[in-house]
Asks: 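Just dropping this structure here.
Model, not experiment: these values are computed from the prediction. When a ligand or atom number is given, it counts from 1 through the structure's own listing order. All residue numbers in this chain count up from 1 along the given sequence.
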Amino acid sequence: MNHTVDVPAEPSSFPLVAGRTALIVIDMQRDFLLPGGFGESLGNDVGRLLKVVPPLASLFAAARAAGVMVVHTREGHQPDLSDCPPAKLNRGTPSKRIGDPGRYGRILIRGEYGHDIIDELAPIDGEIVIDKPGKGAFYATSLSDVLTEAGITQLLITGVTTEVCVHTTTREANDRGYQCLVVSDCVGSYFPEFQRVGLEMIKAQGGIFGWVADTSSVIPALARLSSIPA
Ligand code: TIU
């Protein structure tokens, strides 16, 4: 029986299970977050995403100290765009589409500077980075195999953006049987209304596809998890 620590959460407490919990960090990439980058070029206020960085850095420290597996994702495509369906490629503003030149290299193309994770939240040795072509982290990736292999059942979900890749990934994970806690101050949206409603939607109807709590609840619980002898 693995030790469990309950996190105060909505709509009910969330069980953090030692050895079965992973921290998922969605798409904290320069293209979405940096001033002058792709996200800002579309008229978005990247400050709304950057405010997630300090609490997320604190959560990283707590998760790593507790021995919780950390999995990072990056949204992006092959340089020849062979994994980008036309329905995705041909959307948006001409000249600011996937594969077009941007301030930090070709937009959302693997290997480009802008595609990579911001320096403040860079993965450390041993952490897994999942490259995903879609919004959900399970679609066309090895994430399911990675989590199954590690015996993971509980996910702490963080990153950007709340109503797009965080939601899609949480819904995919819930359908696959994972219990998902979305950490509210570690997810961000360019749109304040979507941030608020996006979090409401997860925990509505008795937690229709997940739980929600902020770092003031999650970090102390991780500290308690790390103090439990293996
Ligand atoms: N990572 C992620 O959410 N990708 C997006 O395209 N998000 C937007 O909000 N556009």
Side-chain angles (χ1 to χ4, degrees), residues 23-53 56 70-78 81 83-100 102-110 112-118 120-123 128-141 143 155-174 180 182-202 209-210 212:
L23 171 61
I24 309 291
V25 191
I26 305 288
D27 300 359
M28 294 299 288
Q29 294 163 257
R30 297 181 181 119
D31 274 339
F32 294 125
L33 285 137
L34 289 193
F38 172 54
E40 190 175 84
S41 78
L42 297 176
N44 295 309
D45 174 4
V46 291
R48 297 193 188 283
L49 305 195
L50 285 168
K51 73 178 180 197
V52 166
V53 176
L56 190 46
V70 181
V71 178
H72 308 255
T73 73
R74 299 183 296 202
E75 179 177 353
H77 297 276
Q78 306 283 359
L81 298 171
D83 59 352
C84 186
K88 183 176 185 186
L89 187 59
N90 298 328
R91 208 118 25 108
T93 314
S95 88
K96 287 178 190 150
R97 289 181 175 159
I98 293 166
D100 287 343
R103 167 91 160 262
Y104 301 115
R106 292 181 67 205
I107 293 164
L108 291 182
I109 296 297
R110 294 181 192 170
E112 299 285 342
Y113 182 77
H115 171 263
D116 211 350
I117 293 165
I118 59 170
E120 296 89 328
L121 300 175
I128 289 167
V129 179
I130 300 279
D131 281 316
K132 63 186 184 65
K135 303 304 181 192
F138 289 85
Y139 170 68
T141 73
L143 181 58
L155 301 180
L156 301 174
I157 301 188
T158 64
V160 298
T161 63
T162 306
E163 76 281 9
V164 185
C165 294
V166 169
H167 251 227
T168 306
T169 299
T170 306
R171 291 166 191 249
E172 285 182 324
N174 179 68
C180 301
V182 176
V183 187
S184 56
D185 52 341
C186 294
V187 295
S189 171
Y190 298 123
F191 306 98
E193 181 70 357
F194 293 172
Q195 172 76 3
R196 184 180 68 74
V197 178
L199 291 168
E200 288 290 331
M201 288 167 73
I202 294 162
F209 58 94
V212 176

Asks: Which ligand 1 atoms, with their elements, are less than 4.0 angstrom from a heavy-atom of Phe32?
Replies: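 Answer, ordered by atom number: 1 (N), 4 (N), 5 (C), 6 (O).
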Asks: Using side-chain contact (heavy atoms from CB on, under 4.5 Å) as the criterion, point out the one residue from Tyr190, Phe191, Phe194 that pairs with Thr161.
Replies: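 Result for side-chain contact (heavy atoms from CB on, under 4.5 Å) with Thr161: Tyr190.
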Asks: Identify the closest protein heavy atom to atom 2 (C) of ligand 1: which residue and atom is it, and at what distance?
Replies: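 Looking at atom 2 (C) of ligand 1, the protein heavy atom closest to it is Cys165 SG, 2.6 Å.
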Asks: Distance under 4.0 Å to a non-hydrogen atom of Asp27: what atoms of ligand 1 satisfy this?
Replies: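 Ligand 1 atoms under the 4.0 Å threshold to Asp27: 1 (N), 2 (C).
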Asks: Measure the distance from atom 9 (O) of ligand 1 to every protein heavy atom, then report the residue, atom name and distance (to 0.1 Å) of the closest one.
Replies: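 The answer is Thr161 OG1, 2.9 Å.
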Asks: Students should be able to answer this: which protein heavy-atom is nearest to atom 4 (N) of ligand 1, and at what distance?
Replies: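 Minimum-distance protein heavy atom for atom 4 (N) of ligand 1 reads Glu75 OE1, 2.9 Å.
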Asks: Kindly indicate, with the supporting measurements, whether the criterion side chain to side chain contact (heavy atoms under 4.5 Å, CB included) is fulfilled by Glu75 and Gln29.
Replies: CA-CA 8 Å; Glu75 179 177 353; Gln29 294 163 257; 3.8 Å; yes
Asks: Determine, stepwise, if the pair Leu143 / Ile128 fulfils side chain to side chain contact (heavy atoms under 4.5 Å, CB included).
Replies: CA-CA 9 Å; Leu143 181 58; Ile128 289 167; over 6 Å; no
Asks: Does any N/O atom on Val160 come nearer than 3.5 Å to any N/O atom on ligand 1?
Replies: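 Yes; the residue has a nitrogen or oxygen that sits under 3.5 Å from a nitrogen or oxygen of the ligand.
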Asks: Hey, does Lys132 come in under 3.5 Å of ligand 1, counting only N/O atoms on both sides?
Replies: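 Not met; the criterion fails.
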Asks: Checking side chain to side chain contact (heavy atoms under 4.5 Å, CB included) for the pair Phe38/Val46: CA distance, chi angles, key distance, verdict?
Replies: CA-CA 10 Å; Phe38 172 54; Val46 291; over 6 Å; no
Asks: I'd like to know whether Arg97 forms a side chain to side chain contact (heavy atoms under 4.5 Å, CB included) with Ile107, so could you lay out the CA-CA distance, the side-chain angles of the two residues, the decisive distance to 0.1 Å, and finally the verdict.
Replies: CA-CA 7 Å; Arg97 289 181 175 159; Ile107 293 164; over 6 Å; no
Asks: Should the ring pair Tyr113 and Tyr104 be called parallel, tilted or perpendicular, given that the plane angle runs from 0 to 90° and is split at 30 and 60?
Replies: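 Correct class here is tilted.
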Asks: In the protein, what heavy atom is nearest to atom 6 (O) of ligand 1, and what distance, to one decimal place, separates them?
Replies: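 Scanning the protein heavy atoms, the shortest distance from atom 6 (O) of ligand 1 goes to Lys135 NZ, 2.8 Å.
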